[in-house]
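We count ligands from 1, going down the list as the structure has it; atoms in each ligand are counted the same way. On a predicted model such as this, the values are computed, not experimentally measured, just so you know.
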Amino acid sequence: MDTINTTQALKIRKEQVYLLYNSSFKAAIATTIAACVLTYMQWSYITHITLILWLSLIAVISIARIVFYFAFKQKQPAAQDIKFWEMSYTSLTIGAGLAWGAAGIFLLPENNFEYQAATIILLAGMAAGATTTHSILRTPVFIFLFLTMVPLTINLLLDYTKLSLSSAFMCSLYTVFLAITANNLYKTHLQNITLRLQSVTREKFMRASQDMVHQTSKILEMIARGVPATEVYNAVALLYESRHPGMRCSLLELKGDTLIHGGAPSLPKPYCDAINGLKNGPNIGSCGTSTYTGERVLVEDIATDPKWENLKDVALPHGMRCCWSEPIKNNKGKVLGAFGMYYNHPALPNELELADLESGARLAGIVMERQQHEDLLQKLYGAFEHTQDAIMICDLEAKLEYVNPAFEKMTGYSAQEAVGQYIKILRSDQHPPSFYEKLEAQDHAGQHWQGEIIIKRKDGTFLEVERTVSPIFDQHGEAIFLVAIQRDLTEHKLLEAKFSQAQKMEAVGTLVGGIAHDFNNILAGITGNLYLLQMRYAQDSDAMQKLTRIEQLSDRATSLIQQMLTFARKDTVSMTDLNLNQLVTEVFGLIRTSIPKNIELNLDIEQNTTFIHGDTTQIHQVLLNLVNNARDAVENSSQPCINVTLGTYDVDEDFVQQRPYFKTGHYALLSIQDNGCGIPDEHLEHLFEPFFTTKDVGRGTGLGLSMVFGAVKRHQGFVEVASHENQGTTFHVYIPLLQNKTALPKTENSDKLTTKGHGELILLVDDEAMMLEMGTDVLQSLGYRVLQASDGLEAVDIFTANQHDIALVITDIVMPRLGGIEAAERIRNIQANSKIIFSSGYDPDSTLTQNILAKNEIILSKPYHINALSEAIAKALRNKQN
Ligand code: ADP
Ligand code: MG
């Protein structure tokens, strides 16, 4: 406040001094003329020497005043230098006053009242004139009045005549009158000057605020036009810089707790870079602190303020000494950033700067909030434009105001065609009229609606969609428009179908699992009895023919149940050492019959023996699935061809570098190559996903390759695919090779002849009487003696009693009281090297079978072929002899 008054007072004083000097030239000339006139008038009554001395004094003073007048004009001094000129003026006025005061003493002719009166009148005139010229300031005018009039008055008093005394009295009165007038004039002058100065300031201020309004509206216009944020921020900074010469401004955005450079057109880039990305905090310069506390921060000197302790080294080299920061907030008071002002000298803001700091932050707040809205709007618009769901915005009459590209794609109507139409254009009339009436009524009432609906596309086709209509409300809770989102259900329905298909399969699995055990037992009974009959009627060719037919039928039944189990993935995985060459050859033989004759199918096996540790059924499935896919792929090829090759492959470090998911080692490599349609790149990544299929419902399940993947993984192997569209596809299956192992002979080999026994004693354990009976017959016909037990406990008892005679135990696994596995354990406790064959039907809890397999036991799956049985017995007995 004080500073403002001092500057104001200085300005007024300057104005006053200027006015004084303005009239001083004319005043000097007038004074000189008046002095000459007085000299001339008194020439005959006053000594010439006195007159000449006096006139010279006046002339010297006038010349000095004129010289000073020109010097002042030349110099046009500033407010701070005005004191000197004021003093000079006052000094010259004192000189003039003294000279004219001397006139009142020395130029008053004695005893000549007429000439005395003339001098008095002239002096009075001088005093009056001086009152008008000097009254701009009090000091000169009062000094001049006093110096001119007081000596005269005293001189007249000293004369002490009636006339002179009255003159002195008149002079005093006159002087007082002039002093009052001068004082009034002084006040008027002062008032005028103050008013003029005020109006000049006001005008300046008006111009500045007009300019401000203009600039601000320009900035708002930039925002509205969508000019990039940085440009707008720069414009804000420049606006405030233009209002305060020497000031530099910056805008920082706050994202989370990080300061982001917004705009600082006059700050050096290295400084901006150093600030960009800083985390805010209680002592992070002015802006970092103000965004942290949400309060204004005024730092007078960056060099000494503790808030700049860590940042001053970045600021000071660029000449920044003071920094004032105002947090930028949105209208809810959330801090969005900071507006900063810098000078290159230490300072605190004056009133105007403080007001600007505040208004700058407010303007920046508008810009930032608007920018954030803009960003959000942009994102929302992007989301609308790119989503897969059709989005419609319509009024309560369901007249379309906006549709997104997904709508265009889904319905076939372009946005141009659709906007302005009613949503009814999609009406398919596939629903009853009451449905549509209800729908319309709900739209009008601005009610939420969701449901499945069949729409009609522009081309007349129908599409099943799920539609959600949501009303949007104004601040009074009135629905003002509707947003409808529509999703194509085709895919969904397809998935649903697939899902129910998968569920069906699951159900089949459960069903098959449920009956498989019993069914296998029945089949085992049939095959056993068949064998016995075949033995008996070997000579009767007619009977034999029929028995063979029954045998074939039961074989088919066996493989059927097996296939169903595999299909439903309920099959037990029995990992054994197996000869892959042999297996592939066999499976290939089976597959050949199911492939159309027009397709060329080749098998190329590189090596004779390729042993792996694996599951026969799963390998079978892998090959079958891959060949079936190849068959489908070559459907439209002109010369369809499928090549299956089996060889070995050494995966070394180099290979693993390219395929990090591989492990080094020796692998069997099974490749299935076709010249079919190939696989588009975008499908490759989904290929092994369950349910991924490009085939029609009923033809493809999308489960084939996922089964392949799972099976290969189970074998610690890898599967790879190489494909070129329209040229063909090759699947490579890598399965780890067994090193230095020989495979077990195949147990199920019906071509081999049965091996007969030599009266060895076999303990047969089964809980089913029929199985027991049939088994005994078969074993006896094979030349063995048989002891029977109907569960594990009984078996252990019988074994204990006959442990030295029993050569072999054949036991079922699942039995009441004591199961086969526990029984076997107890038997082995009695005689460690007892030979045991496990036989089992389908075991829903496959872990039992797994445990036995892991111990390298011999296991026969029911129903087994008699040859397989005899082979297994022979093998077990052979082992005993070893
Ligand atoms: P499905 O055969 O039931 O469709 P799959 O999992 O076996 O399921 O195969 C998934 C998809 O992979 C197939 O629909 C097909 O598009 C593609 N595919 C698989 N094998 C081949 C192949 N040899 N040639 C071309 N495409 C193939
Ligand atoms: Mg398939």
Side-chain angles (χ1 to χ4, degrees), residues 490-509 563-564 566-569 571 584 587-588 590-592 594-596 598-604 615 617-646 669-715 717-735:
T490 320
E491 192 93 337
H492 180 75
K493 294 271 155 177
L494 223 64
L495 267 179
E496 231 174 41
K498 278 183 185 169
F499 184 64
S500 69
Q501 173 74 4
Q503 273 186 327
K504 238 186 285 172
M505 243 128 68
E506 195 66 24
V508 170
Q563 269 180 37
M564 278 163 77
T566 314
F567 180 62
R569 310 255 271 140
D571 52 338
V584 170
V587 175
F588 193 79
L590 289 173
I591 290 171
R592 194 182 279 282
S594 69
I595 300 289
N598 67 320
I599 297 174
E600 185 187 331
L601 185 63
N602 303 312
L603 174 66
D604 178 13
D615 177 79
T617 328
Q618 286 208 338
I619 300 291
H620 185 137
Q621 290 291 311
V622 167
L623 189 55
L624 188 75
N625 273 309
L626 292 177
V627 174
N628 280 348
N629 280 346
R631 177 202 61 206
D632 293 344
V634 297
E635 197 175 24
N636 296 318
S637 305
S638 55
Q639 280 182 312
C641 173
I642 303 172
N643 293 319
V644 178
T645 53
L646 178 64
L669 173 57
L670 178 65
S671 306
I672 294 87
Q673 179 202 24
D674 67 62
N675 61 354
C677 57
I679 303 166
D681 282 350
E682 64 267 28
H683 286 173
L684 283 175
E685 57 178 310
H686 302 295
L687 222 52
F688 296 99
E689 289 172 9
F691 301 121
F692 174 77
T693 181
T694 56
K695 297 170 193 171
D696 297 337
V697 194
R699 282 205 62 193
T701 58
L703 289 170
L705 286 181
S706 65
M707 182 268 151
V708 168
F709 187 81
V712 174
K713 271 270 137 296
R714 190 141 193 174
H715 285 78
F718 307 95
V719 53
E720 273 198 334
V721 55
S723 185
H724 291 285
E725 247 183 292
N726 298 322
Q727 290 179 30
T729 307
T730 308
F731 279 89
H732 296 291
V733 177
Y734 298 79
I735 296 172

Subject >> F692 and H683 aromatic ring geometry - parallel, tilted or perpendicular at 30°/60° bounds >> reply: perpendicular
Subject >> Of the listed options V634, T729, L626, T694, closest to atom 13 (C) of ligand 1 (non-hydrogen atoms) >> reply: T694
As an exercise, identify every atom of ligand 1 less than 4.0 angstrom from a heavy atom of [X].
| X | answer |
| --- | --- |
| G704 | 5 (P), 6 (O), 7 (O) |
| I679 | 25 (C), 26 (N), 27 (C) |
| L687 | 12 (O), 17 (C) |
| F731 | 20 (N), 23 (N) |

Subject >> Value rounded to 0.5 Å, distance of CD in Q618 from CG in L623 >> reply: 13.5 Å
Original post:
Which distance, rounded to the nearest 0.5 Å, do you find between the CG of D674 and the CG of N643?
Top reply: 9.5 Å
**OP:** Decide whether the shortest distance between a heavy atom of G676 and an atom of ligand 1 is less than 4.0 Å.
**Re:** no
Original post:
Has E682 got more than 12 heavy atoms of other residues, nucleotides or ligands less than 6.0 Å from its CD?
Top reply: yes
**OP:** Might you confirm whether atom NE2 of H724 has over 12 heavy atoms from other residues, nucleotides or ligands at distances under 6.0 Å?
**Re:** no
**OP:** Please name all residues satisfying salt bridge (Lys or Arg N to Asp or Glu O under 4.0 Å) with E600, sequence neighbours left out, ordered by chain then number.
**Re:** none
Original post:
Can you name the residues that form a salt bridge (Lys or Arg N to Asp or Glu O under 4.0 Å) with E635, not counting sequence neighbours?
Top reply: R699
**OP:** Using a 4.0 Å heavy-atom threshold (strictly under), name the region of F688 that reaches ligand 1: side chain, backbone, both or neither.
**Re:** neither
Original post:
Between D674 and ligand 1, is there a nitrogen or oxygen pair with a distance under 3.5 Å?
Top reply: yes
**OP:** For ligand 1, find out whether one of its N or O atoms is nearer than 3.5 Å to an N or O atom of L705.
**Re:** yes
